[in-house]
K.L.:
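Questions regarding the structure given below will be posed in turn.
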Amino acid sequence: MRVKKAVIPAAGLGTRFLPATKAQPKEMLPLIDRPIIQYIVEEVVACGIEDILIITGRGKRAIEDHFDRCLELEYYLRAKDKEEWLTEIQQIATMANIHYVRQREPRGLGHAVLCARSFIGEEPFAVLLGDDIVKGDRLCLAQMLEVFAEVKATVIAVQKVPLAEVSKYGIISGQEIRPRVFAVQDLVEKPKPEEAPSRWGVTGRYILTPRVFGFLEQTSPGAGGEIQLTDALKVLAKEEQVFGYAFTGRRYDAGDKLGYLKATVELALEREDLGPPFFEYLKNLLVGRE
Ligand code: G1P
C-alpha cells in the first residue's frame, strides 16, 4: 500500500495576509525567490510522489501558470544564453503531474479535501497544507511515509504548541505508544486553552486512508462555520486506528505575517548565495538593539 498521490489544498482566501492577497493567491507569495507552494510541491516530489492534485478556487490561476511551461520565456532565455535559468524554469513545469480541481465555494479544509475524492479513489494519500513549511534534516513528509509504511493507517503530523496558541490548531489527545508516535483517541478543532485535551497541535501534513471521504461527506460545519478535516478525523479515529506523529524539524506558518517573516529570514540564512552577506547585514542591523 504505497502512497502515490498527494493533495495540496490551495483554495483559501488568505485573509490573514491581506492586502497582499487581494489580487494574488497566498500560495504564490515568494519565500525568497520561489512561491510558497513550490516548496510544498518539491517536498512531495522528493518523496517519490508524482501525482499531485492542487485544490484551487477563484483567483488562483497564477498557480497553474507557475507549474506550466512558458514558451515565450523559454525562447527568450535560450536566445540570451541563460541556460541555467532555462533549466530551472523547465524543471518547474515537468517535475510532477499536477492536476487541478476547483473548490467552488470556500467551505473549509474538509470540503476542499472532499473535492479530491474522485482523483484519489480507493488509495491512501498525502495532504499537505500550503501554509506549513517544515525545515529540518529530513523532510516531514518522508518521516510520515515511513511511519505509514509501518502502521498502514492514518498518520497526522503533530507538534507541541504553547497553551496560548492551541486555538489556532486542531489538537489531538491520545497515548504516546512509542517515542514520537501517538495512538489518537480524539481530536478537537481550535479549542479554547481551557478545553484543549493536550498541547499537541496538528500540523499541515497528513497521510489519510480513503475512508475519510465517507466521514467528510457526513461532516457538518464546525469551527468557523467551515467543514473541518479535523471533525471527520475525529469520527474516523473511532472506527479505525489514527496515529499522531511528532515529526522532527522546524515548522513555519507561512500564512501568518510573523511566521512568513521567520521563514524568509531562516531560509535566506541557509542559502549559500545569500546566507553570509545576509547574516552580516542582520548582525550590523541588530547591534545595539534589543
Ligand atoms: C488547519 C487545520 C488545523 C491545523 C492547521 C495547521 O487550520 O484545520 O487543524 O492545526 O491547519 O496549520 P487553518 O490554519 O487552515 O485554520
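For reference, positions follow the sequence shown, starting with 1. Nothing here was measured: the structure is a model prediction, and the numbers come from that model.
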K.L.:
How long is the straight-line distance from CG of Leu274 back to CD1 of Ile32, given to the nearest 0.5 Å?
P.N.:
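Going from the CD1 atom of Ile32 to the CG atom of Leu274 covers 6.0 Å.
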K.L.:
Measuring only between side-chain heavy atoms, which start at C-beta, is Glu64 closer than 4.5 Å to Thr56?
P.N.:
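A side-chain contact under 4.5 Å exists here.
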K.L.:
So Phe215 and Lys234, do their side chains get closer than 4.5 Å, heavy atoms only?
P.N.:
no
K.L.:
Any donor-acceptor pair under 3.5 Å linking the side chain of Lys5 with the backbone of Phe119?
P.N.:
yes
K.L.:
Ignoring hydrogens and geometry, is there a side-chain-to-backbone donor-acceptor pair from Gln228 to Ala232 under 3.5 Å?
P.N.:
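Here the side-chain-to-backbone pair does not exist.
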K.L.:
Are the side chain of Glu240 and the backbone N or O of Ala153 linked by a donor-acceptor pair below 3.5 Å?
P.N.:
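Such a contact is absent between Glu240 side chain and Ala153 backbone.
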K.L.:
Spell out, as yes or no, whether a donor-acceptor pair under 3.5 Å connects the side chain of Gln159 to the backbone of Thr203.
P.N.:
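Flag not set: sc Gln159 to bb Thr203 has no pair under 3.5 Å.
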K.L.:
More than 12 heavy atoms of other residues, nucleotides or ligands under 6.0 Å from CD of Glu50: yes or no?
P.N.:
no
K.L.:
Is there a side-chain contact between Leu187 and Ile156, using heavy atoms and a 4.5 Å cut-off?
P.N.:
yes
K.L.:
Are any of the side-chain nitrogens in Glu226 or Lys190 under 4.0 Å away from the carboxylate oxygens of its partner?
P.N.:
no
K.L.:
Could you walk me through whether Thr154 and Tyr206 pass the side-chain contact (heavy atoms from CB on, under 4.5 Å) check?
P.N.:
CA-CA 7 Å; Thr154 295; Tyr206 310 74; over 6 Å; no
K.L.:
Just so I know, are the side chains of Val158 and Ile171 near enough to count as touching, which here means a heavy-atom distance under 4.5 Å?
P.N.:
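Val158 does not reach Ile171 side chain to side chain.
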K.L.:
Does any part of the side chain of Leu208, heavy atoms only, come nearer than 4.5 Å to the side chain of Leu229, both counted from C-beta?
P.N.:
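Yes; the side chains approach each other to less than 4.5 Å.
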K.L.:
Would you call Lys168-Asp256 a salt bridge at under 4.0 Å N-O?
P.N.:
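No salt bridge links Lys168 with Asp256.
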K.L.:
Check whether Tyr260 reaches the backbone of Leu31 with its side chain - one donor and one acceptor, N or O, closer than 3.5 Å.
P.N.:
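No, the answer is negative, given that no donor and acceptor are paired below the 3.5 Å cut-off.
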K.L.:
Kindly indicate, with the supporting measurements, whether the criterion side-chain contact (heavy atoms from CB on, under 4.5 Å) is fulfilled by Lys60 and Tyr100.
P.N.:
CA-CA 11 Å; Lys60 301 280 186 171; Tyr100 301 89; over 6 Å; no
K.L.:
Got a sec: does the CD of Glu122 have more than 12 other heavy atoms crowding it under 6.0 Å?
P.N.:
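Result for CD/Glu122: open.
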K.L.:
Evaluate side-chain contact (heavy atoms from CB on, under 4.5 Å) for Met95 paired with Phe67, printing each intermediate quantity in order.
P.N.:
CA-CA 9 Å; Met95 66 180 154; Phe67 292 105; 3.9 Å; yes
K.L.:
Please check if the number of heavy atoms outside Gln241 that lie under 6.0 Å from its CD is greater than 12.
P.N.:
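No, the 6.0 Å shell around CD holds no more than 12 heavy atoms from other groups.
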K.L.:
For Ala20, does its backbone N or O pair with a side-chain atom of Gln24 as donor and acceptor, under 3.5 Å?
P.N.:
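Yes: the side chain of Gln24 pairs with the backbone of Ala20.
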K.L.:
Do Ser198 side-chain atoms and Ile172 backbone N/O form a donor-acceptor pair below 3.5 Å?
P.N.:
yes
K.L.:
List for me each residue that meets salt bridge (charged side-chain N to carboxylate O under 4.0 Å, His left out) alongside Arg78, sequence neighbours excluded, and say none if there are none.
P.N.:
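Partners of Arg78 under the salt bridge (charged side-chain N to carboxylate O under 4.0 Å, His left out) test: none.
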K.L.:
With the side chain counted from C-beta on, respond yes when Asp186 and Pro197 share a heavy-atom pair under 4.5 Å apart, and no when they do not.
P.N.:
no
K.L.:
Any donor and acceptor pair, going by atom type alone, linking the side chain of Glu74 with main-chain N or O of Gln90 inside 3.5 Å?
P.N.:
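No, Glu74 side chain to Gln90 backbone: no donor-acceptor pair under 3.5 Å.
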K.L.:
Strictly distance-based, threshold 3.5 Å: is any side-chain N or O of Thr21 a donor or acceptor partner for the main-chain N or O of Gly14?
P.N.:
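Answer holds: yes.
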K.L.:
Is Asp137 atom CG crowded by more than 12 heavy atoms from other residues, nucleotides or ligands, each under 6.0 Å away?
P.N.:
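Atom CG in Asp137 is not packed in, count stays at 12 or less.
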K.L.:
Given Thr219 and Leu114, is the side-chain contact (heavy atoms from CB on, under 4.5 Å) satisfied, shown in steps?
P.N.:
CA-CA 11 Å; Thr219 303; Leu114 189 54; over 6 Å; no
K.L.:
Using modelled atom types only, decide if a donor and an acceptor are shared between the side chain of Arg251 and the backbone of Gly204 within a distance under 3.5 Å.
P.N.:
no
K.L.:
Please enumerate all residues that pass side-chain hydrogen bond (donor to acceptor under 3.5 Å, both in side chains) together with Arg199, with sequence neighbours excluded.
P.N.:
none
K.L.:
Would you call Glu280 and Lys283 a salt bridge, taking side-chain N to carboxylate O under 4.0 Å as the test?
P.N.:
yes
K.L.:
Does any part of the side chain of Glu146, heavy atoms only, come nearer than 4.5 Å to the side chain of Arg138, both counted from C-beta?
P.N.:
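Yes - at least one pair of side-chain heavy atoms lies under 4.5 Å apart.
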K.L.:
Side chains of Val147 and Ile207: closer than 4.5 Å at any heavy-atom pair?
P.N.:
no
K.L.:
In plain terms, say whether Lys135 and Glu266 are close enough for a salt bridge, that is, a side-chain N and a carboxylate O under 4.0 Å apart.
P.N.:
no
K.L.:
Could you list the residues that satisfy ring-ring contact (aromatic ring centres under 6.0 Å, His included) with Tyr39, not counting sequence neighbours?
P.N.:
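Result, ring-ring contact (aromatic ring centres under 6.0 Å, His included) vs Tyr39: none returned.
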